[in-house]
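Values below: every heavy atom of this structure, side chains too, minus hydrogens, waters and symmetry copies. Sequence positions, counted from 1, serve as the residue numbers for this chain.
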Amino acid sequence: MALGPEAFRDFFGSVPAAVAVVTTAGPDGRPLGFTCTAFSAVSLDPPQLLVCVDEGSRTLPAVLGAETFALHLLDAEGGEELARTFAGRSDRKFDGVAWRRGESVPACPVLLDGVLGHAECTLERSLVAGDHRLLIGRMERVLLREEARPLLYRRGAFAAWDSLSAAAAPARLAAGT
């Protein structure tokens, strides 16, 4: 018996996930983007990250064509509005959103408000996995605001990272354990 989409969503939706917006520029230079909770660190050397994108995404062809993108970790202050805006299918997602061109990857739009930080990336590999595309990007530049709190998403609701639990000294996992 095959696992259905509802069980899949329930399983992964039960765990809070950080929320991000991925941006790129279309062939005409117009900024494009989408909201994402499926991303991960891949490699320290070289610095790489992974983003999972629905094959039906209207932004995906632009990422594949430009071979660049920026991943923005959303801040609890102002990030929810960005998440909702970029989750939609509008062609006007950037209307009223403050942004600039990237520094290391100039073609990439970089969001200025509502973000904890961003990574400007060049696309190194793209792999089809079911109804999604796995994008592996080489991190060319990272900017992080230490004072910001990450925005989380769980079972259809947004929440801020609990600052009390985040204040404790982080435990480090040994590689390979």
Side-chain angles (χ1 to χ4, degrees), residues 5 8-9 12-13 15-42 49-123 126 129-145 148-161:
F8 179 89
R9 282 189 203 103
F12 282 103
V15 178
V19 185
V21 167
V22 175
T23 60
T24 194
D28 58 358
R30 188 172 55 99
L32 301 166
F34 62 91
T35 300
C36 175
T37 57
F39 58 92
S40 176
V42 172
L49 58 78
L50 173 129
V51 175
C52 300
V53 186
D54 187 301
E55 281 285 343
S57 166
R58 295 188 296 171
T59 304
L60 179 59
V63 172
L64 297 174
E67 297 185 341
T68 61
F69 63 92
L71 176 78
H72 304 82
L73 303 175
L74 298 188
D75 181 6
E77 298 296 321
E80 183 176 342
E81 185 177 340
L82 282 174
R84 291 184 187 284
T85 296
F86 283 88
R89 300 204 46 92
S90 171
D91 290 331
R92 304 176 60 99
K93 294 178 184 179
F94 280 83
D95 287 1
V97 173
W99 64 280
R100 64 168 171 76
R101 295 288 175 188
E103 292 182 27
S104 294
V105 184
C108 276
V110 172
L111 304 177
L112 300 177
D113 299 323
V115 297
L116 172 92
H118 76 272
E120 297 172 31
C121 302
T122 53
L123 182 63
S126 165
D131 60 359
H132 275 62
R133 184 77 59 115
L134 309 180
L135 305 177
I136 298 175
R138 182 182 184 105
M139 300 167 69
E140 306 292 350
R141 182 177 199 281
V142 171
L143 183 64
L144 191 60
R145 292 179 34 228
R149 294 181 310 149
L151 179 66
L152 300 178
Y153 185 77
R154 180 180 183 264
R155 294 199 174 182
F158 291 98
W161 178 268

[X] versus [Y], closest heavy-atom pair with distance:
X     : Y      : result
Gly79 : Leu151 : C-CD2, 3.5 Å
Pro31 : Pro109 : CB-CG, 3.6 Å
Val22 : Cys36  : CG2-CB, 4.2 Å
Ala25 : Arg101 : CB-NH1, 3.9 Å

Rounded to the nearest 0.5 Å, what separation is found between the [atom1] atom of [X] and the [atom2] atom of [Y]?
X      : Y      : atom1 : atom2 : value
Leu74  : Asp113 : CG    : CG    : 12.0 Å
Glu80  : Thr35  : CD    : OG1   : 11.0 Å
Cys108 : Arg100 : SG    : CZ    : 11.0 Å
Leu73  : Leu143 : CG    : CG    : 11.0 Å
Leu60  : Asp54  : CG    : CG    : 8.5 Å

Report summary line: Applying ring-ring contact (aromatic ring centres under 6.0 Å, His included) to Phe39 and not counting sequence neighbours gives none

Under 3.5 Å, side chain of [X] to main-chain N/O of [Y], donor-acceptor pair present?
X      : Y      : result
Lys93  : Phe86  : yes
Glu140 : Ser104 : no
Asp75  : Arg149 : yes

Query raised in the report: Who are the side-chain hydrogen bond (donor to acceptor under 3.5 Å, both in side chains) partners of Glu103, not counting sequence neighbours?
Result: Arg141

Report summary line: Residues at least two apart in sequence or cross-chain that pass side-chain hydrogen bond (donor to acceptor under 3.5 Å, both in side chains) with His72, listed by chain then number, are none

Side-chain touch [X]/[Y], heavy atoms, less than 4.5 angstrom:
X      : Y      : result
Val51  : Phe34  : yes
Val110 : Glu120 : yes
Thr24  : Thr59  : yes
Leu116 : Trp161 : no

**Report entry** Under the side chain to side chain contact (heavy atoms under 4.5 Å, CB included) test, residues paired with Ala41 that sit two or more places apart
**Finding:** none

Requested in this report: Answer yes or no: does atom CZ of Arg155 have more than 12 heavy-atom neighbours from other residues, nucleotides or ligands under 6.0 Å?
Outcome: yes

Report task. Keeping to residues at least two apart or across chains, list the ring pair (Phe, Tyr, Trp, His ring centres under 6.0 Å) pairs with something in residues 95-115. Result -> Phe94-Trp99

Query - Option from Thr23, Val21, Leu49 for which side-chain contact (heavy atoms from CB on, under 4.5 Å) with Leu71 holds - result: Leu49

Only distances under 3.5 Å count here; give the side-chain donor-acceptor pairs of residues 131-139 to other protein atoms, sequence neighbours excluded, each with its distance to 0.1 Å.
from: Arg133; atom 1: NE; to: Glu55; atom 2: OE2; distance (Å): 2.7
from: Arg133; atom 1: NH1; to: Ser126; atom 2: OG; distance (Å): 3.0
from: Arg133; atom 1: NH2; to: Glu55; atom 2: OE1; distance (Å): 3.4
from: Arg133; atom 1: NH2; to: Glu55; atom 2: OE2; distance (Å): 3.3

